[in-house]
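Note that the structure is predicted; figures quoted are calculated from it, not measured. Proteins get letters first, then strands, A, B, ... in listed order; numbering begins at 1 in each.
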There are 2 protein chains.
Amino acid sequence: MHPAPQSDRRPYIRDSEDARRTALVAAVLDLVAEGGIEAATLRAVAARAGVTPGLIRHYFGDKDGLMRVAYGRMMQGMVDPCLAAAVAAGGDPVARLRAYLAAALDPAALDGRTVALWAAYIHRTRQDAALRAAHEAGYLAFRDALEGLIAALPVCPLPPRDAAIALNALLDGLWLEGGLLPQGFAPGEVQRIALTAAARVLDLPELTETEGPKP
Amino acid sequence: MHPAPQSDRRPYIRDSEDARRTALVAAVLDLVAEGGIEAATLRAVAARAGVTPGLIRHYFGDKDGLMRVAYGRMMQGMVDPCLAAAVAAGGDPVARLRAYLAAALDPAALDGRTVALWAAYIHRTRQDAALRAAHEAGYLAFRDALEGLIAALPVCPLPPRDAAIALNALLDGLWLEGGLLPQGFAPGEVQRIALTAAARVLDLPELTETEGPKP
DNA sequence: CCTTCAATTATTCGCGCGTATAATTCCGCG
DNA sequence: CGCGGAATTATACGCGCGAATAATTGAAGG
C-alpha cells in the first residue's frame with residue numbers, strides 16, 4: 001500500500017499552561033535584552049519558545065498582554081533577590097544593609113543584559129498605565145525596603161528618606177555604569193565603591209569591613 | 001485657453017542644507033522622546049520636519065545615518081551644559097564642583113523626556129559600534145571632567161577616581177529617578193539631596209551652603 | 001527671460017508585522 | 001479502542017515600514 005500522504009504539519013506535544021506561559025515570557029525577556037523591544041516580535045518569541053505565533057494569542061490575548069506579564073516578571077527578578085539577601089543576613093542592622101547593597105550590585109545583576117532589558121521598557125512605562133503601575137510598585141518597594149534598613153540603624157546623620165533616595169540613586173547609577181561599560185571597572189570595584197560611598201554618607205565605617213576572617 | 005491642469009504636487013521652498021539637517025534631527029529626537037525608537041519612522045520624521053521621506057535619504061543616506069547624527073546631538077546636549085556651567089562658575093574649586101553638580105540635575109535636564117530619550121538609545125549603543133563609541137566618549141568626558149574637578153579640591157578623603165565614579169553614579173541615579181517619577185519629589189529636593197550626599201562623600205560641608213546672601 | 005541643475009516630491013517595490021480565523025492533532029476519559 | 005474537545009498549527013489579510021528610482025520644481029546665473 002502507498003505510504004499515507006504524510007502531513008507536513010509540524011508535530012507537537014501538549015504542555016501545561018504554566019510551562020507554556022513561562023517559556024513564552026522567558027523568550028520575550030531574552031529577545032528584548034538581546035535586541036530591544038523591537039526584536040520581540042510575536043514570530044520571534046514563538047520561534048524561541050518552540051511554538052507558533054498563534055499560541056501567544058491563545059494564552060495572552062494579544063501582544064500587549066504578553067509584554068505586560070513579561071515586564072512584571074522582570075521587575076520581580078530584579079527586586080526579590082535583594083530583599084531575600086537582606087532577610088538572609090540575620091538580625092544585625094548593619095549586616096542587613098550591607099547584604100542588601102551587595103545584592104543590588106551582585107555580578108549576576110550587573111550585566112549589560114539586565115540593564116538593556118530595563119532600559120528597553122522605560123519608554124513603555126511612560127505610556128502604558130499598567131506598566132507604569134508595575135514600575136512604580138517595584139521601584140518604591142526597593143526604595144522603601146532600603147529606607148527601612150536605614151531607619152533600623154543605631155544612628156543616621158540624615159533623614160532616612162533622604163539617605164534612602166541618595167543610596168538608591170547611587171546603586172542605580174553604579175548598576176547602570178557597571179552594566180553598560182563592563183570593561184571599565186575592575187572585578188569587585190563597583191561593589192567596593194558602593195560600600196565606601198554609602199559608609200561615608202551614613203557615617204558607618206563598619207559597612208566596608210570584610211566579614212569573613214581567615215581561619 | 002484651458003486652465004493648465006494644475007499640478008497636485010505639494011509646493012515647497014528650498015532651504016539650506018544646515019537648516020534641513022537640523023530640522024530633521026530635531027524631529028527625530030522629539031519623536032524618540034515621545035514614542036520611543038519605534039516611533040521615529042522615516043515617514044513620521046519627515047512629516048514632523050515638514051518634508052517628505054525621500055529628503056532624508058538625500059541628506060543622510062539611510063535611516064542609520066540619521067539616527068547616528070541624532071544620537072550625537074543628544075549626547076552633546078546633555079554633557080555640554082554641565083561643562084559650561086563649571087567653567088562659568090569661576091576659579092574656586094568648590095564653586096566649580098557645585099555648579100557642575102547642580103547643572104547635571106538642572107530642572108531642564110530632569111524631565112522624563114530626556115530620560116526616555118536616553119533610555120531609548122541604550123540598546124542601540126550596545127550593538128552599533130559607531131553609537132557605542134559616541135556613548136563612551138560622552139560618558140567618559142562627563143566623568144573625567146568630574147574627576148578633574150574633584151582632584152582640584154584642596155582635600156579629598158577618597159581616591160579621585162573612586163569619588164568621581166561614586167558621584168557620577170549618584171547623579172545618574174537621581175537624574176533617572178527624578179525624570180521617571182517627577183511627582184515623587186518636591187521641587188529642588190533632588191538637587192538638595194545630591195549636594196548633601198556629595199558633601200558627605202567628599203567631606204566638604206561648604207558644598208551645601210547657599211551662595212546668594214540676601215542683600 | 002530662459003536655461004540649468006540640484007533640491008524636493010511622488011511612486012513603487014518587497015518584506016515583516018500583528019491580528020483574525022480555519023484546520024488539524026494530540027491526549028484524557030469512558 | 002475511539003471519541004470529543006482543547007491545545008496547537010496553518011493560512012490569509014491589510015498595513016506601514018525602509019529603500020530605491022523616476023518625475024518635477026524652485027531658484028540662481030547669464
- Task: Could you check whether Thr52(B) gets within reach of a base, just the sugar-phosphate, or nothing at all, counting any heavy atom under 4.0 Å?
- Result: base

- Item | Separation of dA7(D) P from Leu24(A) CG (nearest whole Å) | 14 Å

- Query: Could you give the CG-to-C1' distance, from Asp8(B) to dA23(D), as a whole number of Å?
  - Reply: 13 Å

Pairs: protein N or O with nucleotides 12-14 of chain D N or O, under 3.5 Å:
none

- CD1 of Ile56(A) versus P of dG18(C): gap in Å, rounded? 9 Å

- Could you go through the side chain to side chain contact (heavy atoms under 4.5 Å, CB included) check for Ile37(B) and Met67(B) one step at a time? CA-CA 9 Å; Ile37(B) 288 272; Met67(B) 296 302 272; 3.7 Å; yes

- Message: I want to confirm an ordering. Mapping Ala40(B) and Ile13(B) to their closest nucleotides on DNA chain D, which one lands closer to the 5' end?
- Response: Ala40(B)

- Message: How many whole angstroms separate atom NE2 of His58(B) from atom P of dA7(C)?
- Response: 4 Å

- Message: Are the side chains of Trp118(A) and Leu176(A) in contact, using a 4.5 Å heavy-atom criterion?
- Response: yes

- Note on the structure: In whole angstroms, the gap separating P of dA6(C) from CG of Leu55(B) amounts to 15 Å

- Message: Assess, by modelled atom type and distance only, whether the side chains of His135(B) and Tyr71(B) contain a donor and an acceptor separated by less than 3.5 Å.
- Response: yes

- Item | Short side-chain N/O contact to dT11(C) OP1/OP2 from Arg9(B), under 4.0 Å | no

- Query: Just how far is it from atom CG of Leu180(B) to atom CD of Glu136(A), taken to the nearest 0.5 Å?
  - Reply: 9.5 Å

- Query: Glu17(A) CD to dT8(D) C1': how many Å, rounded?
  - Reply: 14 Å

- Item | Asp15(B) CG - dT8(C) P separation (whole Å) | 7 Å

- Counting any heavy atom closer than 4.0 Å, what does Arg14(B) reach on the DNA or RNA strands: base, sugar-phosphate only, or nothing? base

- Query: Do Gln191(B) side-chain atoms and Ala102(B) backbone N/O form a donor-acceptor pair below 3.5 Å?
  - Reply: no

- Length of the CD1-P vector between Ile37(B) and dC17(D), whole Å: 15 Å

- Sole candidate of Asp62(A), Val28(A), Val45(A) that passes side chain to side chain contact (heavy atoms under 4.5 Å, CB included) when paired with Ile56(A): Val45(A)

- Task: Evaluate the side-chain proximity of Val201(B) to Val201(A): yes if any heavy-atom separation is below 4.5 Å, no if none is.
- Result: yes

- Query: Phosphate oxygens OP1/OP2 of dA27(D): is one of them under 4.0 Å from a side-chain N or O of Tyr12(B)?
  - Reply: no

- Message: With nearest nucleotide decided by heavy atoms, which residue, Pro11(B) or Leu42(B), maps closer to the 5′ end of DNA chain D?
- Response: Leu42(B)

